[in-house]
Structure formats: structure tokens, C-alpha cells
Amino acid sequence: MSSIVKKRSLPAAVMMRVVALVVVGATAHFGPAAVAAEQPMAAPGGSRTIDPVSIADSWVVPPVLATGTRLPVPADHEVTWSVDGVALPGGVLVNAGVEAKVVRIAGTLMRPDGGKIEKRFTVRLLGKAASHLLSYARVPTSAHDANQPEVARSVHFALRGGDRAAAPLNDDYGAVFARGDYVAVDRVALRGTIDPSLFYFADGSLGIIATRVDMAGKVDPPSTGTILFKADRAHPDDFTELGPLDLRTTEGVGRPRAVWDAAANRYVVSWINGSGKPRWTTVKDLARTERHETPFFPETDGRRSRIVSAGNVGEVRSGDVATIDGTGSVPHPGGAASVASSLPIDGDAAAALHRRFGRIVNVAASVAPQTVTAGRVAALQSVRAKLDYSDGSHATRAVDWNVADLRRLARARPGKYVVRGTVRQPAYPPIFAYNRADPDVYRWERNGKVRYLFVATDDTNNGNVSSPHLPIRVADTIAQLADEQGGRAREVDLLNRRTRRDRTTEGRVIAGCYWAPELHEIGGKLSILFAPCFNPKDDQSNENGTWVTVQSHIMRLRDGGDPANAADWSKPSAVRKADGSFLGRPDKDRNISLDMSYFEVGGQAYYTWSQRYLTDAGPLGDPLTWIAKVDPSRPTSLASVPTPIIAPDLSVEENLAEGAFALQHGNRVTLVYSSSSVSPTYVVGGASADRNADLTRIDSWRKWRAPLQKSAPMPAGVVDYRRYEQGPGHGSFTTDEDGNALYVYHTWGNGVGGDGRDTRVRRVHWAADGRPLLDMTAGEEVAPANRSVTMTVTVR
């Protein structure tokens, strides 16, 4: 008895002759290649029937390869290879040069029945100077290691070059964080990633495909359990979340992998199902997205991006994919290691990733030649040094010029001379002020005299809710504000609920908090924005204030007043909406507002603040950062409808966005804000907008995908919050006596001068990509070898 086997043709995309992608420019180029297969074939030994269509579809050479790569061969088959028309015995590609080169590869697979399957690819073969980028997630441990679940379950990066071991980037901290799902108004269910895998998109940009999980590590349902990120082609360090990919399976999806198959002009995506069995499918375009109506989503008019599935994702098939699927290992402190996905990258991509997630350091210092008239050298005192950095950015610093050299120069005859100097780096105490959180230093100039003012939340013994006062320090220099320079002795109380029974203009008595005071000049008057709280049962009591009553207030210094004299300040007034109502969502039971800040752009003034709603029953809202326009002449009332602009939807943000402070640099406005809980997990993020955009729209702002400042992990068995900064955040910015930007912030301080968060101070450097660097060390700011500089002076 005989059987008839029906012939099955390959898809047209495989039957036609095509050329694989050449990943060298902005355009994908296609041309002739060939695949031929007509019939199913028996596996060796006749154990099963192998579909030639599946063999052809699942056999893929990636578009970028490293030298020394062995080309893929489907299981139980033999393949002969040629490169640029020359046979390649062994199937190992080698590029002995430094630069990448384009090669044309032809592979011929022999079928057991004597037929052939042929595929042709054009590949960018990297040279021996190439690196490998590794992506991985970590097994969560604790905040002590800066590796709690919200950090561990994110995309981490490491770089490996030559024979060197993989070196983690970003201090072994997450580099790309997934966005959560909105489950109610101002409420996000956080999501993370595990098993991230790198690949190249058709346009040559880097991609990440990963499994999406909740913070307990539970995998999302198959329809949303696979998530993709795509890097900007010109900026390989800048990833955008494209959204989830529905692979049209109900079996579960784990360890997803993707590869571009230019021979068929589509992607092959593979994974392991819930039973551990290999599955794969084809996807026409992994970058093809559409926006879906999403309840409670505050951006893009409530429509959230996801990757198109219908008509884009093919049928699910069983078996393995024959391709290059690189792996590696990344070591962690204590001997642990993570298995990582590995992808070859060129020098430009490696440099971009290192600039973003490595350390930026000073590499040179120079002083421009100067020309002076004989005897007139006073102006040379203000000549600054130019500092160059490893990312291509620059800065200037004042110089302490050698006094003896300047004296000699003042008497010198015409000619050329050299003046020696030292780049000025004022050193502030490691702990600037103990038990002072949410700090703000303000440079105040009146009648030609500059003074520096310091305000903060009293966090002694972590008792900031029951704080009795709003203290201020006033000094002639920033250094004099520090505890070590007598700053604590200079501190006076502008408000004190116990000794003065502070009363607001509305007649309520303050019962605690005095949170996050900030100094700003608003409408020509020095003002303090802060958030007091009240006794919820008796607004005439000065005791038992609770955080659930905290509200943003303003107090103002009278004209000609002394900032250190409490009598020269107005009573605190609540900042309200234009209709006179308190800040918050009107349809909620109660609302709180805090961390109010102020800035002006292009003649328009704005308030930003953190706001959340409270409910009598059910979950509370997440604290979002809000914005509204304000008329500086009427600072107790908003001048526009308040809108949210920073929603804490990244896992590392842990449902909190507060303490935003505006910085302006070039044509951009950056809001530096804080997230996570008030604990060692506190972390600093940033969102940036064009200064000419509508700053009241959330869509005008774009977050950096990784924190700007984060906790430093502690060694095993060590708990030292003084040496290892943990929980940094809620910072403000000022300028020092030389005009340099300063960052004033707090860190977790238990056991550091008592229990309570402590103030620290650093200088700020702007990276070439527009980020404010908030964690640069003194040695990175000015390398020790560059601290001594010389200036060539021509005397005429």
C-alpha cells in the first residue's frame, strides 16, 4: 500500500531571490538570492517528517556578526558556505582587520532526499576591535546591594571587548526600565523585565526583547508577556519602549529571542512555552506599532503604544531556530553571576553606551593665552581654565593663580611669560548638614551684597512629621552654612509651632511637617514655598499633625526685610487653584500637595508640585508631579488648570514622583525629581522638554530611561550610610561664589550623626547628551594630573 505526499511550496518571499540587509547606512538594500525547496523530507532514520518551509524560515544569519563567528546550521543537516563567491570550509567568518567590512554569504543546505535549500545574506562583519554588548536581569536581593526587585528586574548592560571579561555598565544597576500598567486614576501596577535579549532591527538600530513580569517575578499573560525596546539609531544608548507583543499563543512565553531575516524581509521570534518546549513564529515588522485606547493612561490622549499583532505576527510553529544566539556571563559582587544575551557592536555604539552608562571623567585642562598691557594684570585673576571630558563635553573652572607669578608679571617688560595656577575646587564637608532633608541653598543678592540662605526639613530621628519648626541659616559664603563651619549655630526659626503657635492666613494652626521648604524670588519678593500639616480633628491645635493633611503654602519677606528675622515674613498662605479650591482632584475624598517649586521660562512663571489623592476606603493615588502657570504678582493662586507632567510608571520609581526642581541648559528645561519610598531606595530621575514647548502638557516631557542618581551598593556585612550614599534625592540647585552649578540633596542617614536624612553638596556637570551629572567625584571633575595649569601671557 502506497501513500501520496502532497507537494507544498515555499512562501513567495523565500522562493524569490533576495539579498539580506546591509547594516551600514540608513537604508536597507535588497537584491538577488535564492532558496529552492519543493517537498517535505524525511529526517535521518525516518523518525519524523521535516517541513522544508519551516527549515527555510527558521534558518537565519543575523545582519551583524563578529569575527570568528561560526555560521548556523539546522540540526541534523549539513550546510556548505561561501563568502563573496569563495568557499568557506568550516563555516567560520574571520575579519582580521580593525574596521568592519561587508561580505556576501551563500549557504546551501543539503536535504536527505537530495534536494537543496539555499539562502543568501549580506552581512556586516565587524573587525577585531569590536565589542560585545550583553544584556541581563539580576536575581533580586535587597536595597543594601542596590538590587531590590524594582532595580534587579530591569535591563542591565555590560560591555566585553577582546579577551576582557564583561564589565557591567551603570554600576551593575538597571539601564532600561519597563513601564507599568494603569489600573486606576493616578495608579500604576509596576512591571519589570527578565531574560532580556539583544538583536538588530531592520534599520540597524539596537533592539531588546524581554519577558514582562510584575515585581514579584510573575510573568504577564501571553498577550502582554513579551515587551520590546528600540534604540535611537543615532544614539544607541537611548531606548524607547515600543510596547508589548502578542505572539498569538496561549501556552505561555518565556526567554523570547528575535532576529532579522533579510532573506525573507521579516523577523523570526522564538521562545520557550510554559512546558519548556521551543516555539517560534515570523513577524513582518517588530517596529510597527499602533495606539490603543487605554483607561487612565495620561499621555498621548489616553492611547498607549503596542506592537501590531493582527496581520503582522505569523502562526506559531514548533522547534528550534537555527541562528546565532550569543550568550555570556556577567559577574556580580560576592561571586554571583548572570547569564546574559550577547550581541556584537561596533566601536561607535560601544562608545555611546559607555558615555551614557559608564563614568565621565576629566581628560584635559587648558588655559587660553592672554595678552595684557604692561602693569595691568588684575584682569588675569578672573581667567578660567577650560576642562575637557571623556564624553566630549566641556566646562570651565576658576583658577587660583600663583601670587608671586602675578606680582612679577606686574613689573615685567614686554614679552611672553608663564603664570602657574591651580584649578579651584572648593571642598565641602561630606555631610554638609546632619538630619536636614529636602535641602535648598539660595544665592540672594540685595544692594550689591550676596548672601547664602539654607532651608530644609528637620528630619531628626526621622521625625519630620512631628517637626516643630522651619529653620533657616544665613551666611556670607556657602561653606559657612555647613555644620562644620558653624551653620547649625546660625540656624534660627522662622516658624515654630510650639513657641509661636504658627497660624496661616486662613486661621489654621500648623501642627507639624514644615516639609521641603524652597526659597525663590517671586514677583520681586523673596518667598518660601513649603508644606505644613495640621491636626485633622482640630485645626486650632498645634500638636498631632498628620501627613494626610499636608498642603503647599507660601510665605513672603517684606520689602527691605531680613531673611533671618521671623517678624519680617508674612503668615503662610495656602496655594490654591484659580477658583479658590485646594490643590487636588475635585472628585476624590481628600488630596494632599507638597514639594512645591517655582521657575520661569521665556517670561512665563510656573509652579510644580507633588500631589496625590486619599480615599476613605480603597487604595490611595500615586503621587504625580503636577504643573500650572502662575502670575508672580498673585502667587497664592494658579493661573491655569493644573495638569500632571511626570507619572511614576517606571519600576524604579516605585509609584512616586516628587521634589521636582527645574534646571535650564541650552534650549532645554530639565525637571530633576525623586522617586521610590523615603528610605534607602530613594532615587533621582529626570524629565526634559524643549523650552519653547507647552510645558503644561505631559507629552512635551521625556524621561531619561534610567536614574540620574542612585544608591551605591554596600559590601557584604557592611552598613555604612556615610561612606556609601544610599537613598539620594530631593535636591535643589544653586550657584557657588565662582558661578558653578551646585547640587544640594539628602541621603539616608541612619547612624550618621544620629538617625535622619542628611544634606550633601556636589558640583554639577552637564554631559554632552544634555544630562546633568549629579554624582561626579572630585577626581572625575578635575583629574589630579590636570589640577595644575599654566597660562601664557604676552605683555605689550
*Test the K629-Y606 pair against the cation-pi criterion, namely NZ or CZ under 6.0 angstrom from the six-membered ring centroid and within 45° of the ring axis.*
no
_Flag if over 12 foreign heavy atoms under 6.0 Å of CZ, R558_ = yes
*Any ion pair linking R723 and D720 (charged N to carboxylate O, less than 4.0 Å)?*
no
*asked:* For R760, is there any backbone N or O sitting under 3.5 Å from a side-chain donor or acceptor partner on Y743?
replied: no
*asked:* Salt bridge check, E725 against R762: does any charged N sit closer than 4.0 Å to a carboxylate O?
replied: yes
*asked:* Determine whether the aromatic ring centres of residues Y682 and H746 are separated by less than 6.0 angstrom.
replied: yes
*Taking all atoms of both residues into account, what is the closest heavy-atom pair of H730 and S674, and its distance?*
N-OG, 2.6 Å
*Apply the test side-chain contact (heavy atoms from CB on, under 4.5 Å) to residues V575 and L638: give CA-CA distance (whole Å), side-chain angles for both, the deciding distance (0.1 Å), then the verdict.*
CA-CA 7 Å; V575 178; L638 303 183; 4.1 Å; yes
*Among N464, D595, D438, find the residue that satisfies the side-chain hydrogen bond (donor to acceptor under 3.5 Å, both in side chains) test when tested with W515.*
N464
*Between D758 (side chain) and N435 (backbone), is there a donor-acceptor pair under 3.5 Å?*
yes
*Supply the atom-to-atom distance L594 CG to C513 SG, rounded to the nearest 0.5 angstrom.*
9.0 Å
*Please determine which of L453, V761, V455, T734 meets the side-chain contact (heavy atoms from CB on, under 4.5 Å) test together with V441.*
T734
_Taking CZ in R376 as the centre, count heavy atoms belonging to other residues, nucleotides or ligands within less than 6.0 Å. Is the count above 12?_
no
*Are R446 and E521 close enough for a salt bridge, meaning some N to O gap below 4.0 Å?*
yes
*Pairs involving residues 453-468, ordered by first then second residue, that meet salt bridge (charged side-chain N to carboxylate O under 4.0 Å, His left out) (sequence neighbours left out)*: R436-D458, D459-R757
_Cation-pi check for F534 against R508: NZ or CZ below 6.0 Å from the six-membered ring centre and within 45 degrees of the axis, yes or no?_
yes
*Taking the side chain from N402 and the backbone from D405, do they hold a donor-acceptor pair closer than 3.5 Å?*
yes
*Which word best sums up how the rings of Y389 and H765 line up, parallel for under 30°, tilted for 30 to 60°, or perpendicular for over 60°?*
tilted
*Taking 4.0 angstrom as the limit, do R497 and E543 come out as a salt bridge?*
yes
*How would you list, by chain and number, every residue that makes a salt bridge (charged side-chain N to carboxylate O under 4.0 Å, His left out) with R359, sequence neighbours excluded?*
D775, E780
*On the 0 to 90° scale, with breaks at 30° and 60°, tag the H553-F530 ring pair as parallel, tilted or perpendicular.*
tilted
_Worked verdict on E653 versus K703 for salt bridge (charged side-chain N to carboxylate O under 4.0 Å, His left out)_ = CA-CA 12 Å; E653 294 173 328; K703 291 182 188 178; 2.9 Å; yes
*Under the salt bridge (charged side-chain N to carboxylate O under 4.0 Å, His left out) test, residues paired with R384 that sit two or more places apart*: none
_Verdict with reasoning, T625 to Q611, per side-chain contact (heavy atoms from CB on, under 4.5 Å)_ = CA-CA 6 Å; T625 293; Q611 172 184 304; over 6 Å; no
_On a heavy-atom basis, which atom in S675 and which in A657 lie closest, and how many Å separate them?_
OG-CA, 4.2 Å
_side-chain contact (heavy atoms from CB on, under 4.5 Å) between R488 and Y434, worked out_ = CA-CA 9 Å; R488 185 61 62 101; Y434 291 94; 4.2 Å; yes
*If you draw the axis of the six-membered ring of F454, does the NZ or CZ of R473 fall within 45° of it and under 6.0 Å from the ring centre?*
no
*Do I554 and T636 have side-chain heavy atoms sitting under 4.5 Å apart?*
yes
*Do L624 and W626 have side-chain heavy atoms sitting under 4.5 Å apart?*
yes
Donor-acceptor list for residues 781-790 side chains, cut-off 3.5 Å, not counting sequence neighbours:
unit_1: E781; atom_1: OE1; unit_2: Q425; atom_2: NE2; d: 2.9
unit_1: E781; atom_1: OE1; unit_2: R763; atom_2: NE; d: 3.1
unit_1: E781; atom_1: OE1; unit_2: R763; atom_2: NH2; d: 3.3
unit_1: E781; atom_1: OE2; unit_2: R397; atom_2: NE; d: 2.8
unit_1: E781; atom_1: OE2; unit_2: R397; atom_2: NH2; d: 3.0
unit_1: E781; atom_1: OE2; unit_2: R763; atom_2: NE; d: 2.7
unit_1: N786; atom_1: ND2; unit_2: N362; atom_2: OD1; d: 2.9
unit_1: R787; atom_1: NE; unit_2: Q425; atom_2: OE1; d: 3.2
unit_1: R787; atom_1: NE; unit_2: V782; atom_2: O; d: 3.3
unit_1: R787; atom_1: NH2; unit_2: V782; atom_2: O; d: 3.4

_Run the ring-ring contact (aromatic ring centres under 6.0 Å, His included) test against Y428 and tell me which residues pass, sequence neighbours left out._
none
*So F661 and F733, would you call those rings parallel, tilted or perpendicular, with 30° and 60° as cut-offs?*
tilted
*Between R443 and D736, is there a salt bridge with N-O shorter than 4.0 Å?*
no
*Let me see the working for L663 and W766 under side-chain contact (heavy atoms from CB on, under 4.5 Å), right down to the final yes or no.*
CA-CA 11 Å; L663 284 172; W766 288 93; 4.0 Å; yes
*Would you call K386-D388 a salt bridge at under 4.0 Å N-O?*
yes
*Can any side-chain N or O of S688 pair as donor or acceptor with the backbone N or O of T670 at less than 3.5 Å?*
no
_Test item: L495 and H469 side chains (from C-beta on) under 4.5 Å apart, heavy atoms_ = no
_I646 and L671, any side-chain heavy atoms less than 4.5 Å apart_ = yes
*May I ask you to test the I431-R722 pair for a side-chain heavy-atom distance under 4.5 Å?*
yes
*Taking atom OG of S677 and atom CG of L656, what is their separation to the nearest 0.5 Å?*
8.0 Å
*Are the side chains of D476 and K449 in touch, meaning some heavy atoms are under 4.5 Å apart?*
yes
*Does some side-chain heavy atom of T422 sit less than 4.5 Å from a side-chain heavy atom of V399?*
no
*Might you confirm whether atom CZ of R634 has over 12 heavy atoms from other residues, nucleotides or ligands at distances under 6.0 Å?*
no
*Under-4.0 Å salt bridge between K571 and D502*: no
*asked:* Under the rule for side-chain contact (heavy atoms from CB on, under 4.5 Å), what residues qualify as partners of A767, not counting sequence neighbours?
replied: I360, D391, D769, R771, L773
